[in-house]
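Just so we're on the same page: letters track the sequence lines, and every chain starts at 1.
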Amino acid sequence: MFNFRIPINDWVTKIVEYLERELAPIFDGFSSLILFMVDSLKDGMLFLPPLVLIIIITAITWYMAGWRNSIIAFLGLLLSENIGLWEAFVETLALVLSAEILVVLVGLPLGIMAARNDRFNAILRPILDFMQTMPAFVYLIPAVMFFGLGLVPGVVATFVFALPPLIRLTNLGIRQVPVELVEAADAFGATEMQKLMKVQMPVAKPTILAGINQSIMLGLSMVVIAAMIGAGGLGEDVLRGIQRLQVGQGFEAGLVVVILAIILDRITAGFGVRKKKTG
Amino acid sequence: MEDKIVVKNLSKIFGHNPEKGLDALKKGMSKKEVLQKYNQKVGVYDVSFSVKNSEIFVLMGLSGSGKSTLQRLINRLHEPTNGEIIIDGTDITRLGKKELRKFRQKHFCGMVFQNFAILPHLTVQENVEFGLELQGIDKEKRAEKALEVINLVGLEGNENSYPSELSGGMQQRVGLARGLAVDADILLMDEAFSALDPIIRRQMQDELLMIQDRMQKTIIFVTHDLDEAFRLGNRIAIMNDGAIVQIGTAEEIISKPASDYVRAFVEDMDRSAILTAAAVMQPVEDTAFPADGPRTILRKIRKKGLTGILVTNTRKELQGYIRAVELAEYINKNKDKEDIPLNDDLVHKAEGVNEDTSLSEIINIYSDHEYGPIPVVDKNNKLKGVIVKGSVIAALSESGKNDNNAQELLEEV
């Protein structure tokens with residue numbers, strides 16, 4: 001149609017190359033931080049005999065989500081161990097947890113800022129929309145560009161992918177706090193910090209926890225996809241199943257992903273409910 | 001009583017450039033025009049009033065009249081566009097952010113809201129401690145003070161309940177206790193009882209009055225309910241369209257409405273419940289003293305053309321009532337005697353009513369009252385005036401609407 005092509009390709013490549021060159025120390029530092037986090041989580045969990053870890057996770061599930069869910073968790077975990085996917089299971093869990101820690105560290109403050117500042121919210125919203133409409137797949141590309149192949153870009157891609165729901169729901173939760181509650185605090189002469197910590201955050205807690213739940217679930221789905229760039233874990237087994245057309249092996253790995261998803265979902269969904277019951 | 005809060009020329013205009021709207025208003029533009037032309041909503045315009053120490057000052061008006069806006073201006077939850085708010089000598093419109101916070105802590109007992117606005121994740125006691133906690137008061141002191149007000153508002157035994165376990169009335173007690181726990185003078189109540197059932201509501205009103213008797217706070221109470229306003233308010237400010245149209249006691253507003261708007265508002269009120277003895281009593285024409293001779297007393301009665309006369313001592317304390325007929329008979333019987341003493345049998349016991357007795361009660365007294373005027377006395381039994389049938393009926397029928405009402409009452413009497 002035209003005799004020239006808009007060189008988006010070149011531009012992006014140039015920008016990334018530039019950033020890589022100039023910000024290398026930062027990326028390296030970030031990279032080793034993530035590596036350290038994932039490794040210590042993974043090694044810590046693998047250090048324990050599988051049965052001990054199984055019992056610990058079952059106990060947490062029981063505490064957060066009741067005995068019915070804990071039985072499902074217990075049986076699922078035993079199955080994972082039995083079919084030889086225990087190490088992959090733990091690795092995936094470590095990846096998800098690492099990414100989620102980053103999500104909370106970044107997402108919560110951003111969500112709070114968005115709730116308190118309309119202008120910031122107006123800027124942030126289209127970015128979040130953009131992030132959420134991008135196919136999960138596409139996140140892998142910049143991650144690989146900056147961090148190469150392996151576990152670190154997997155965590156980074158997962159982090160970016162799982163970030164929007166927590167920001168959104170933190171923002172929403174705080175904005176939904178009834179205006180009278182905030183007025184009441186103001187009328188007593190509360191500081192901004194007191195208002196946030198004693199009124200807005202506690203009242204918004206169920207919504208924020210729903211945000212954490214959602215971002216963990218999204219994170220899990222991304223971690224599986226991230227196996228394509230060598231993040232390891234259960235995704236690798238699924239991927240191998242696909243590549244070699246080993247339906248059975250792929251199914252097994254997929255089943256364990258489902259087990260992990262159920263356990264994580266029950267635990268984090270139970271968080272808000274449990275608190276409501278006792279208080 | 002001294003003024004606790006003085007508000008001078010206070011205005012609040014919502015919009016992007018409120019000064020422009022204010023100028024337009026000053027030049028005589030109507031609020032509607034300001035809204036249309038500048039897209040600015042006039043919340044309150046040029047309001048001045050003062051609130052006395054320890055009074056319940058009611059802001060009364062329909063929704064949109066600016067009453068809640070005015071209340072929120074007083075603690076600067078809304079920033080005033082113009083005007084002064086002087087509380088205990090400090091113009092709070094001039095305070096910086098931090099000073100304002102300190103001022104609120106020191107002078108305001110927070111607010112009590114229509115939908116309670118208590119924190120769902122805290123227990124009753126923790127909610128009551130909220131204001132104290134914000135001030136950084138230590139835990140023991142907080143608990144002590146909280147338990148004291150929890151007892152005061154009748155929530156004892158519910159300290160550890162969560163708001164969701166309480167009825168609406170109980171939740172509002174928590175809201176009230178939260179305010180009272182703070183060691184400050186001014187309590188703002190925004191439609192505080194409007195969400196409650198009528199019976200609970202009435203009960204809460206009574207309790208508020210009782211608590212007020214003990215605590216002596218300065219309360220600014222916003223309501224759209226005239227009955228509530230008249231029941232609670234020492235003084236009432238009736239608001240319409242962002243302005244105060246009349247300030248006065250319930251009686252002043254009922255008996256002398258400042259405008260047709262107020263008249264229309266108070267038209268349906270039961271006047272007999274609001275008007276008091278003080279509003280209808282008349283000055284005492286003359287009284288008899290125990291030292292007066294019977295003939296002197298009779299002369300006093302005849303001179304005024306009365307059917308009887310009240311007896312007071314020299315300190316004006318009410319002693320009783322003498323009927324003209326009986327007195328005349330007595331004199332007649334002893335007409336040959338030179339100097340006859342006043343027989344104690346002639347002096348009937350006279351029950352006085354207080355100045356704040358309502359007309360409806362007075363009507364009841366009338367129905368089993370054998371003699372004409374009802375004496376009105378103060379709390380030291382000093383005679384302040386008398387009530388005659390005619391003035392009661394006149395007061396009740398002042399508004400055309402109440403003619404029927406007065407007619408019925410007249411028949412009862």
Task: Side chain B/Q205, main chain B/L232, donor-acceptor under 3.5 Å - done: no
Contacting region of [X] [heavy-atom separation from chain A under 4.5 Å]:
| X | result |
| --- | --- |
| B/F116 | neither |
| B/R72 | side chain |
| B/L77 | side chain |

Open item on the list: I'd like to check A/L124 versus A/N171 (side-chain heavy atoms, cut-off strictly below 4.5 Å). Are they in contact?
Closed with: no
Open item on the list: Quick check on A/K195 against chain B: is it the side chain, the backbone, both or neither that has a heavy atom closer than 4.5 Å?
Closed with: neither
Open item on the list: Do A/T61 and A/N69 pair up side chain to side chain, a donor and an acceptor below 3.5 Å, judged on atom types alone?
Closed with: no
Open item on the list: Counting heavy-atom pairs closer than 4.5 Å to chain A, which one of B/L188, B/N115, B/L100, B/N75 comes out on top?
Closed with: B/N115
Task: Max heavy-atom pair count under 4.5 Å with chain B, selected residue of A/T191, A/V182, A/V199 - done: A/T191
Task: Over 12 non-hydrogen atoms of neighbours within 6.0 angstrom of CD in B/E156 - done: yes
Open item on the list: Please verify the inter-ring angle class for B/H78 with B/F14; under 30° counts as parallel, over 60° as perpendicular, anything in between as tilted.
Closed with: perpendicular
